[in-house]
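Here the structure comes first, spelled out in C-alpha cells, and everything after it is commentary.
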Amino acid sequence: MDWIALGVVCALFLIQLYWYSRYLAAPARRMRKDKKAKAKGQEAEPQEWPGISVILAAHNECVNLSNYLQALLTQDYPTYEVIVVDDGSEDSTRDVVEQYMHRDPRLKMTFVPHEARVGSTKKLAITLAAKAAQYEYLLLTDADCVPESSSWIREMMKGFGDGQGAKDIVLGFSPYFEDRGHINRLVRFDTLFNGLHYLGAALCGHPYMGVGRNLAYRKRLFFESGGFSHLMTNKAGDDDLFVNHVATRSNTAVVLSRESYTWSTAKQTMKEWWQQKRRHLSVSPAYKTSTKWRLGVEPMTRGLFYAAVLLILVGYGWQLLKTGTIDWLNPGFLVPAVALGLFLLRWIIQTTIINVSARRMGLRRFSMMSVLWFDIALPLVNLWMLAVPLKKQYKW
C-alpha cells in the first residue's frame, strides 16, 4: 500500500509539473522572447494604425472618472474615441464626463435607460457603446482602471496584427496596485495566478477567458456572434463568458508588454473581495464543457497531491510512534522521504515560476510561505463559493 500511495504521489506530481511548466510558465517564456525580439529590432508592428473605440461602463464612478479619465484622453495613438456609458449613476458621473467632453471631442457619452429591465445592465451598457462606436476595433476597460502608459492603446492594437494572420480578440493583463496588508497580498497573488493561467492557456492554443479591465475585440465579431444575447441571464460574464464562447486558437492573441497593462485599486476588506470573487466565480458553470474540465484538472490534482503526501507522512508517523525508532535502512522509510522530497520540489518549482513571471511583469514577488498558504487556501475558498449559492444577486 505504501508503494501504491507513492506511485499516486509521483503521478500527481508529474501532472502538476506539466501544468506549471506548460501553462503557467508560458507568459514568462513569451515575455523573454518578446524582449529579445525588441532588443534585436524585430518587434512586429502593424503597417497602419486603424481607429479604435475605447469603451467603459460607469456606475457611480464620478471619483474614478475624475482621477483616471484624463489618462484615456492623452493616449499616444492617432485615431481613437472614448465612449463612457452611464449605467444608472446616482452621483455626478454625468457632470464629470460632460466637463471633459467640452474640452475633448473624442469623448462621447451614452446611457442605459433607468427603466431597462435586463439581467445585466453592464452587458446592455457595453452593447449600446458598441453600437455607437464609429470604429471597427473595441477596447474595453473599467472606470476605476488607469493605463500603465500613454502607449496602452498602441500596445493592445499590436496584438491584432494585420494581413493573413490578423486576430479578432486581444487579451491583456490588469494587475492591482500594491498596498500593505494581507488582503492586498491575497488579491495580488490571486490576480497574478489567474492571469498566468488564462494568458498561458491562450498562448498554448486554449483561450478561455479575459478580463474586462483590459480586453479588445473586433466590432464585427461582437455582433456576428450575437454579442451578449445568449448571456443576459448571467449577472456577470461580460468579459470571460463572452471570450469563452467566441475565442479560438486562431483568432486570439495575447499582449504582455508592461506598457499594455491597466491598473486598479484592490478591494480593501475581506468582505468586498469575497463579494467580487463570488460574482466572478458565479459564471463559471456556464463555461464550455472542455473549459470546465481543463480548469478542474489543476486544482483537483493539487488537492489530491497534498492529501496523498499528508496521508503518507501521517501513516509513517503513526508507525514511528508504535516502534519508537527510525530504521534508516528500512525500504519503508524511502516512501515518506520521496513523498516529502516531491512536495518540496513542487513547492520550489511553483515559487520559482510564479516569482520569475512576477519579476518579468514588473510585479512584486511572493515569499515561499505566502505561495504555500495561498496555494492551499484559495482552492478551498473557490470550492466553497461554487458549492454555496449566492444569497444576493449583484448587477455588476
Side-chain angles (χ1 to χ4, degrees), residues 57-61 63-64 87-91 119-123 141-146 173-198 208-215 231 233-244 262-287 291-292 295-296 298-300 302-303 306 354 358 363-364 366-367 369-396:
H59 176 71
N60 294 335
E61 297 284 4
V63 175
N64 286 322
D87 186 7
S89 298
E90 298 174 349
D91 60 0
S120 172
T121 56
K122 187 175 183 181
K123 294 190 184 76
T141 188
D142 284 343
D144 61 346
C145 293
V146 58
F173 184 58
S174 184
Y176 287 103
F177 290 118
E178 182 183 344
D179 201 355
R180 295 182 178 180
H182 184 72
I183 295 176
N184 184 264
R185 288 196 301 272
L186 170 66
V187 174
R188 287 188 291 107
F189 180 88
D190 191 37
T191 302
L192 174 61
F193 187 86
N194 291 334
L196 295 177
H197 204 295
Y198 78 80
Y208 69 89
M209 70 162 281
V211 292
R213 302 192 303 274
N214 199 6
L215 172 66
L231 305 174
T233 55
N234 300 97
K235 298 294 182 182
D238 54 277
D239 45 13
D240 54 347
L241 274 187
F242 177 73
V243 172
N244 188 254
T262 59
W263 294 79
S264 56
T265 301
K267 300 300 183 182
Q268 301 296 310
T269 65
M270 179 61 72
K271 181 180 179 181
E272 291 176 334
W273 175 77
W274 191 271
Q275 291 176 348
Q276 181 189 53
K277 185 75 174 175
R278 293 206 69 177
R279 187 172 66 250
H280 292 165
L281 285 175
S282 65
V283 302
S284 57
Y287 282 174
T291 300
K292 288 189 284 188
L295 291 178
E298 193 280 324
M300 181 181 66
R302 188 197 318 184
Y306 277 117
I354 289 175
L363 307 177
R364 187 178 180 88
F366 297 88
S367 67
M369 291 305 301
S370 294
V371 171
L372 179 61
W373 165 239
F374 294 143
D375 191 52
I376 296 174
L378 282 171
L380 296 177
V381 170
N382 294 341
L383 182 62
W384 190 91
M385 289 182 177
L386 290 172
V388 179
L390 277 169
K391 294 182 180 179
K392 179 180 178 181
Q393 297 293 334
Y394 300 92
K395 283 190 174 184
W396 279 54

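- Residues Asn184 and Arg180 have side chains that never bring a donor and an acceptor to within less than 3.5 angstrom of each other.
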**Study point:** salt bridge (charged side-chain N to carboxylate O under 4.0 Å, His left out) between Lys122 and Asp142, worked out
**Key:** CA-CA 11 Å; Lys122 187 175 183 181; Asp142 284 343; 3.4 Å; yes
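- Under a 3.5 Å cut-off, the side chain of Ser89 and the backbone N or O of Ala58 do form a donor-acceptor pair.
- Among all heavy-atom pairs drawn from Ser367 and Ser370, the shortest one is OG-OG, 2.9 Å.
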**Study point:** CA sep, side-chain torsions, deciding dist, call: Phe173, Leu363, side-chain contact (heavy atoms from CB on, under 4.5 Å)
**Key:** CA-CA 12 Å; Phe173 184 58; Leu363 307 177; 3.8 Å; yes
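- A search for ring pair (Phe, Tyr, Trp, His ring centres under 6.0 Å) contacts involving Phe242 returns Tyr217, Phe222, Phe228, not counting sequence neighbours.
- Not one N or O on the side chain of Ser264 forms a donor-acceptor pair closer than 3.5 Å with the backbone of Tyr176.
- Although no hydrogens or angles enter the test, the distance criterion places no donor-acceptor pair under 3.5 Å between the side chain of Thr262 and the main chain of Val146.
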Review point. Is there a side-chain contact (heavy atoms from CB on, under 4.5 Å) between Met385 and Leu281 once you walk through the steps?
Key: CA-CA 7 Å; Met385 289 182 177; Leu281 285 175; 3.7 Å; yes
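- By the 4.5 Å heavy-atom criterion applied to side chains, Leu192 and Phe366 are counted as neighbours.
- Counting heavy atoms from C-beta on, the side chains of Leu295 and Tyr198 never come closer than 4.5 Å.
- Shown here are the ring pair (Phe, Tyr, Trp, His ring centres under 6.0 Å) partners of Phe374, two or more places apart in sequence or in another chain: His182, Phe189.
- With sequence neighbours left out, the side-chain hydrogen bond (donor to acceptor under 3.5 Å, both in side chains) criterion links Gln268 to no other residue.
- Side-chain contact check for Asp240 and Tyr287: at least one donor-acceptor pair (N or O, by modelled atom type) lies under 3.5 Å.
- Between Thr191 and Arg188, every side-chain heavy-atom pair lies at or beyond the 4.5 Å cut-off.
- Summarising the geometry, atom CH2 belonging to Trp263 is positioned 9.0 Å from atom OG belonging to Ser174; distances are rounded to the nearest 0.5 Å.
- Enclosure of atom CH2 in Trp373 is not indicated, since only 12 or fewer non-hydrogen atoms of other residues, nucleotides or ligands lie within 6.0 angstrom.
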Exercise for review: Check the pair Val381, Trp274 against side-chain contact (heavy atoms from CB on, under 4.5 Å), reporting the backbone distance first and the verdict last.
Suggested key: CA-CA 9 Å; Val381 170; Trp274 191 271; 3.9 Å; yes
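- For the pair Val243 and Asp239, the minimum side-chain heavy-atom distance is 4.5 Å or more.
- Between Asp375 and Arg302, at least one side-chain N (NZ, or NE/NH1/NH2) sits under 4.0 Å from a carboxylate O, which counts as a salt bridge.
- Asp190 has a carboxylate O that lies under 4.0 Å from a charged side-chain N of Lys277, or vice versa, which qualifies the two as a salt bridge.
- The CG atom of Leu215 sits 9.5 Å away from atom CE of Met209, with the distance rounded to the nearest 0.5 Å.
- For the pair Lys292 (side chain) and Ser284 (backbone), a donor-acceptor distance under 3.5 Å is absent.
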Check your understanding: Hey, mind stepping through Trp384 and Arg278 against side-chain contact (heavy atoms from CB on, under 4.5 Å) and telling me if it holds?
Key -> CA-CA 10 Å; Trp384 190 91; Arg278 293 206 69 177; 4.0 Å; yes
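- The distance from the CG atom of Leu378 to the CG atom of Leu383 is 12.5 Å, given to the nearest 0.5 Å.
- Taking the side chain as every heavy atom from C-beta outward, Ile354 and Val371 approach each other to under 4.5 Å.
- Remark: side-chain polar atoms of Thr141 are paired, donor with acceptor, to backbone N or O of Arg213 under 3.5 angstrom.
- When all heavy atoms of Leu186 and Met270 are compared, the pair lying nearest together is CD2-CE, 4.1 Å.
- For the pair Val63/Asp144, no side-chain contact is recorded, criterion being any heavy-atom separation below 4.5 Å from C-beta on.
- Looking at heavy atoms from C-beta onward, Glu90 lies in side-chain contact with Asn60 at the 4.5 angstrom threshold.
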